[in-house]
2 protein chains.
Amino acid sequence: MPKETFFNLPEEKQERVIEAAIEEFATYPFHKARITAIADNAGIAKGSFYQYFKDKKDLYKYIIELTVEKKLTYINQEMMANREKYSFFQILREVYLSGIRFAEENPRLIPIGFMLINDKKLYHEIFGEYKDLSSDFFQQLLIQGKVKGDLDPAIDPVLVSKMLTSISYSLGDLIYEDGKLDMNDMEIIDQMLHFIENGIKKRE
Amino acid sequence: MPKETFFNLPEEKQERVIEAAIEEFATYPFHKARITAIADNAGIAKGSFYQYFKDKKDLYKYIIELTVEKKLTYINQEMMANREKYSFFQILREVYLSGIRFAEENPRLIPIGFMLINDKKLYHEIFGEYKDLSSDFFQQLLIQGKVKGDLDPAIDPVLVSKMLTSISYSLGDLIYEDGKLDMNDMEIIDQMLHFIENGIKKRE
DNA sequence: TTACAATATGACTAGAGATTCATATGAATA
DNA sequence: TATTCATATGAATCTCTAGTCATATTGTAA
């Protein structure tokens, strides 16, 4: 958590620091990211940085916190609050759709998330013992979906939740290194959902 | 590529160096990994290290090379050479199965691969312009599978190949942080293939 | 045994980057 | 204006590690 002094700063200056930090952490993994570069790009003295933050990790955690917060704003809150009203696939569509919107509008935040996921030590330091928040979320959805009768009763929620999680990561990746797919978001989502619902086997 | 002196070493000593390197690179991303630690754990002097390798990257590339080589030995060569004889799903099963065997027998190599995938710069430095070898492979399989008539003609090979790639990464992850799933390898593979073939929608 | 080549060693150098700190600045207040 | 307090600054310090190098050791062949 930043020090009080940071929040006392004019918003424009806070913004510059945050932007510079996002740029640096999106480009380099935590250990390679440099405070010097962040201070330079934000147009502040290196010493000032330490007026605002305890250390590099302090800033990093703050950026992650902002990222998670922002990500949440992309999800349809009404739908999440009334999950029982919607089918599993409706909810899944919304989750992916929000993911794609988030990735498109905040492309620099995607690599930051990726790099964090890969640094297990740092990840646990930030999120505690939760092994995988995303996977837990999908697991719960799957269990509810089974109860509702939307889903094949034979599937294992733990395993399938992990698969859905990876698939959703790949979604972020797709958008991130774009120019890859000649499809608009809806098409991508539709294809992914089709895959998840029906698999890829040819049917007669 | 290591210097000649490295290959002149008694095999046992080479082995110690490689083991120490794997341990270090499995624990820390490239930039955080320390030559000093590797030398210490291998029981050689730091100076000796530079008799064997040009620099840290030289060693790292070598470890990656060994990893790729080893990975290939896990794949059923006969099947790969005669792909046309097998159905898409037979081949996919073999690919995943080999992945799981590899991960189980070489757990330390998995995090090394993960960390490399995440360091795009390093990745490209090592593998050249190929954006994603794994994805290209799946894409080719999918195209062939469509021709053979194994697959839903509506699927998009580019997108689906990316999804299959993520799923196979998650497979490595699953094995790597085990104790997670109450299933043996076969069950995992079966469930994954079932997901890929049929999706998760309830059918009458 | 001596001379030469290859290898081993670890103290040393160089550089990078995080963090500290003494000092400067400037705004607010008495 | 003088004093205080918060913030700004960048030189200095501290730590860490990659990579070098002069020297020692070992092996080999004449």
Side-chain angles (χ1 to χ4, degrees), chain A residues 1-64 115 119 121-122 125-126, chain B residues 1-64 115 119 121-122 125-126:
Chain A
M1 211 18 50
K3 298 181 184 173
E4 174 125 13
T5 48
F6 179 70
F7 295 111
N8 293 341
L9 252 33
E11 245 177 63
E12 182 271 336
K13 199 169 189 178
Q14 289 183 33
E15 213 42 58
R16 269 189 290 141
V17 173
I18 290 171
E19 281 311 309
I22 287 174
E23 186 54 34
E24 183 73 4
F25 287 129
T27 312
Y28 304 100
F30 178 75
H31 292 291
K32 188 92 185 302
R34 293 151 311 159
I35 295 299
T36 306
I38 294 172
D40 285 356
N41 288 331
I44 62 169
K46 201 138 65 102
S48 300
F49 176 86
Y50 289 92
Q51 304 278 18
Y52 311 147
F53 301 92
K54 184 176 161 291
D55 53 24
K56 181 161 80 161
K57 197 169 282 169
D58 188 25
L59 167 63
Y60 184 74
K61 285 182 182 174
Y62 182 57
I63 296 296
I64 296 299
M115 290 190 228
D119 193 330
K121 204 154 136 215
L122 199 54
E125 206 173 318
I126 291 176
Chain B
M1 210 18 49
K3 299 180 184 175
E4 175 125 12
T5 47
F6 179 70
F7 295 112
N8 292 341
L9 253 30
E11 246 177 62
E12 181 273 335
K13 199 168 185 177
Q14 291 184 31
E15 212 42 57
R16 267 187 292 140
V17 173
I18 290 170
E19 280 310 310
I22 288 175
E23 185 55 34
E24 185 72 4
F25 288 128
T27 311
Y28 304 100
F30 179 75
H31 292 290
K32 189 90 184 305
R34 293 150 312 159
I35 296 299
T36 307
I38 294 172
D40 285 356
N41 289 331
I44 62 169
K46 196 141 66 107
S48 300
F49 177 87
Y50 290 91
Q51 304 279 18
Y52 310 147
F53 301 92
K54 183 175 164 291
D55 53 23
K56 183 161 82 161
K57 198 170 281 171
D58 187 25
L59 167 64
Y60 184 74
K61 284 182 182 173
Y62 182 57
I63 297 295
I64 296 299
M115 290 190 228
D119 193 331
K121 203 155 138 216
L122 199 55
E125 206 173 319
I126 292 177

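It should be emphasised that the depicted structure is a prediction, and the values quoted were computed from it without experimental measurement. All chains are named by letter (A, B, ...) in the order of the sequence lines, taking the proteins before the strands, and each is independently numbered beginning at 1.
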Closest contact, heavy atoms only, [X] versus [Y]:
X	Y	answer
A/Glu24	A/Arg34	OE2-N, 2.9 Å
A/Gln14	A/Asn8	NE2-N, 4.4 Å
A/Ala33	A/Tyr28	N-CB, 3.8 Å

Taking only the side-chain heavy atoms of [X] (C-beta and beyond), determine which of [options] contains the nearest atom.
X	options	value
A/Thr5	C/dA18, D/dA18, D/dT7	D/dT7
A/Tyr50	C/dG17, C/dT20, D/dT20	C/dT20
A/Asn8	D/dT7, D/dT17, D/dG19	D/dT7
A/Leu9	D/dT17, D/dT9, D/dA8	D/dA8
B/Asp55	C/dT19, D/dA8, D/dG19	D/dG19
B/Thr36	D/dA18, C/dT9, C/dT19	D/dA18
B/Ile35	D/dA18, D/dA8, C/dA8	D/dA18

Whole angstrom is fine here: how far is it from [atom1] in [X] over to [atom2] in [N]?
X	N	atom1	atom2	result
A/Arg34	D/dC16	CZ	C1'	17 Å
B/Lys32	D/dT15	NZ	C1'	13 Å
A/Gln51	C/dA24	CD	P	16 Å
A/Ile38	C/dG17	CD1	P	12 Å
B/Glu4	C/dT7	CD	P	8 Å
B/Asp58	D/dT20	CG	C1'	16 Å
A/Phe6	D/dA8	CZ	C1'	15 Å
A/Phe49	C/dT20	CZ	C1'	14 Å

Margin query: Using side-chain heavy atoms (C-beta onward) and a distance below 4.5 Å, is A/Phe25 in contact with A/Ile38?
Written below: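 With C-beta onward as the side chain, the pair touches.
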Could you tell me whether [X] contacts a base, only the sugar-phosphate backbone, or nothing, with contacts defined as non-hydrogen atoms closer than 4.0 Å?
X	result
B/Lys13	sugar-phosphate
A/Ala33	sugar-phosphate
B/Tyr52	sugar-phosphate

Notebook entry, point to check: Can you tell me if A/Lys3 uses its side chain to pair, donor with acceptor, with the backbone of A/Tyr50 under 3.5 Å?
Noted result: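 Side chain of A/Lys3 to backbone of A/Tyr50, a donor-acceptor pair under 3.5 Å: yes, one is there.
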Notebook entry, point to check: Starting at the 5' end of DNA chain C and moving along, which residue's nearest nucleotide shows up first, B/Ile44 or A/Ala37?
Noted result: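 In this pair, the answer is B/Ile44.
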Item checked: Check: A/Lys46 side chain, C/dT19 base, donor-acceptor under 3.5 Å ->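 A donor-acceptor contact between them is present.
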